[in-house]
Amino acid sequence: MFNDFSKKYIPMIDQSIKDFFKNKKDNAEYPFIKDFYCDLEEFCLRKGKRLRPLVLLIAYQSYYRGEGITPDIIKLASILEIMHSMLLVQDDIIDKSKLRRGKKTLHIILFERYRDNTRNKNIGKDVALVLSDVLFANAIEIIADIKTDPRVKNEFLYYFAKTYELTAWGQILDSINSLPVEIDTESDAPMQISALKTAHYTILGPMLMGFILSGREDENEKKKISDFSLPLGLAFQVRDDILGVFGSEKKTGKTSDSDIIEGKLTLLIQNSLKNKRKREREKFLSIFSKGRKTKGEIDEIRNLIVKNGSLKKSKDMLFDLIEESREKLLKLNIGEKEKKIISGLIDLISNV
């Protein structure tokens with residue numbers, strides 16, 4: 001049922017984004033602005049799961065007591081994909097990634113276009129960063145244009161702002177823990193990164209925003225939504241960590257060794273060092289913390305993760321979180337049809 005829901009609403013989400021960018025291009029004051037909106041439209045509409053807008057729509061449908069999903073709700077859902085694209089642009093620059101969703105990252109496209117016009121070697125990154133600000137402004141513009149109950153809009157804006165502030169703190173924590181000199185195997189940092197950077201903005205934030213747009217007011221139900229969403233969001237990040245090391249480029253749209261190259265401190269990496277002797281820890285860290293790694297070194301890290309049981313432990317954690325979310329789903333005050341749709345989403349996230 002989640003697949004059917006996706007097939008129905010992804011085209012509507014994409015069309016809403018197309019319509020918005022068409023209006024921006026048609027009304028661009030200068031030709032160069034129109035050109036950049038073409039870049040942003042192409043990037044935002046690259047093939048993807050549209051997970052976050054779909055979660056908002058599922059929550060809205062689950063709790064709204066009137067007729068169906070309106071065009072305005074589709075517009076508000078579409079901003080979560082625009083914000084997702086904004087964060088991907090920034091993420092790709094921070095991670096020095098070359099691929100996103102199977103195509104060149106935005107900063108690489110811009111560098112290749114403008115490198116012969118300037119001595120600025122960072123031209124692609126510089127322009128892409130500012131374009132991510134444009135996407136944020138676009139999202140606010142769409143919200144401002146929606147005519148709805150002021151109370152609902154204000155509460156929606158509150159959770160919108162809160163979600164992306166938490167995501168920013170998660171990214172900062174991720175950055176300051178990347179390529180670490182030492183790894184504390186008892187540190188909460190990997191779990192905090194997973195909660196702040198992923199769980200809130202992938203599941204919890206969209207669920208709460210959809211609930212708020214439905215017009216419902218129930219603090220107890222918000223608590224139930226949080227209890228359901230956080231383990232599922234954490235499961236999504238654990239899955240992403242596994243795919244970031246062992247996934248295929250075809251499935252993830254980026255190189256499968258990206259997390260190792262970037263020295264990401266994930267639960268998968270942290271678990272690799274637990275109960276290891278000092279010599280083994282030092283060997284692992286000496287390779288993992290390198291700014292540049294050979295293919296052989298990347299393979300060695302990957303093999304150590306498997307050999308010491310960290311991959312299995314991460315998969316076990318993933319499935320434990322999935323089961324917790326399934327149990328919490330049953331407590332949500334929503335219809336059986338919507339529970340089946342969400343159950344399909346859980347199935348998707350459990351697939352590694």
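No experiment lies behind these values; they were computed from the predicted model shown.
Using a cutoff of 4.0 Å between basic side-chain nitrogens and carboxylate oxygens, D218 and K224 are not scored as salt-bridged. The pair K162-E165 does not count as a salt bridge, with every side-chain nitrogen at least 4.0 angstrom from each carboxylate oxygen. Between R326 and E323, at least one side-chain nitrogen of the basic residue sits less than 4.0 Å from a carboxylate oxygen of the acidic one, meeting the salt-bridge criterion. Look at K197 and D240 and you find no salt bridge, because none of the NZ, NE, NH1 or NH2 atoms lies under 4.0 Å from a carboxylate O. At a threshold of 4.0 Å, the pair K264-D174 counts as salt-bridged, since one of the basic side-chain nitrogens sits closer than that to a carboxylate oxygen. Ion pairing between K290 and E297 holds under the 4.0 Å rule for side-chain N and carboxylate O. One finds a salt bridge joining K24 and E141 here, because a Lys/Arg side-chain nitrogen approaches an Asp/Glu carboxylate oxygen to under 4.0 Å. Here K295 pairs with D299 in a salt bridge; the nearest charged N to carboxylate O distance falls below 4.0 Å. Classification of K340 and E336 as a salt-bridged pair fails, no side-chain N sitting under 4.0 Å from a carboxylate O. Ion pairing of E324 with K328 is absent here, as no side-chain N (NZ or NE/NH1/NH2) approaches a carboxylate O to less than 4.0 Å. A salt bridge is absent between D92 and R101: the closest approach of a Lys/Arg side-chain nitrogen to an acidic carboxylate oxygen does not fall below 4.0 angstrom.
Looking at F36 and I33, their side chains never come closer than 4.5 Å, going by heavy atoms from C-beta outward. The shortest distance between side-chain heavy atoms of C44 and L135 falls below 4.5 Å. Residues S175 and I94 form a side-chain contact, since some pair of their non-hydrogen atoms from C-beta on lies under 4.5 Å apart. Side-chain contact between E41 and K25 is present, with at least one heavy-atom pair separated by less than 4.5 Å. Contact annotation: the side chain of Q61 approaches that of Y9 to within less than 4.5 Å [non-hydrogen atoms, C-beta and beyond]. Side-chain contact between D133 and M86 is absent, with no heavy-atom pair separated by less than 4.5 Å. Using a 4.5 Å cut-off on side-chain heavy atoms (C-beta onward), L204 and L208 make contact. Annotation: side chain of Y37 is in contact with side chain of V134 (closest heavy-atom distance under 4.5 Å).
A cation-pi arrangement is absent between R216 and Y64, since the terminal nitrogen or guanidinium carbon is not both under 6.0 Å from the aromatic centre and inside a 45° cone about the axis.
Heavy atoms of other residues, nucleotides or ligands lying less than 6.0 angstrom from OH of Y158 number 12 at most.
Partner of N23 under the side chain to side chain donor-acceptor pair (under 3.5 Å) criterion, out of N27, D19, D26: N27 alone.
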Requested in this report: Would you please test I342 and F228 for side chain to side chain contact (heavy atoms under 4.5 Å, CB included) and show each step?
Outcome: CA-CA 11 Å; I342 296 174; F228 157 75; 3.4 Å; yes
Report task. Could you check R281 against E182 for side chain to side chain contact (heavy atoms under 4.5 Å, CB included), going step by step and ending with a plain yes or no? Result -> CA-CA 9 Å; R281 286 171 55 85; E182 184 55 80; 2.7 Å; yes
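A donor-acceptor contact shorter than 3.5 Å links the side chain of K153 to the backbone of A144.
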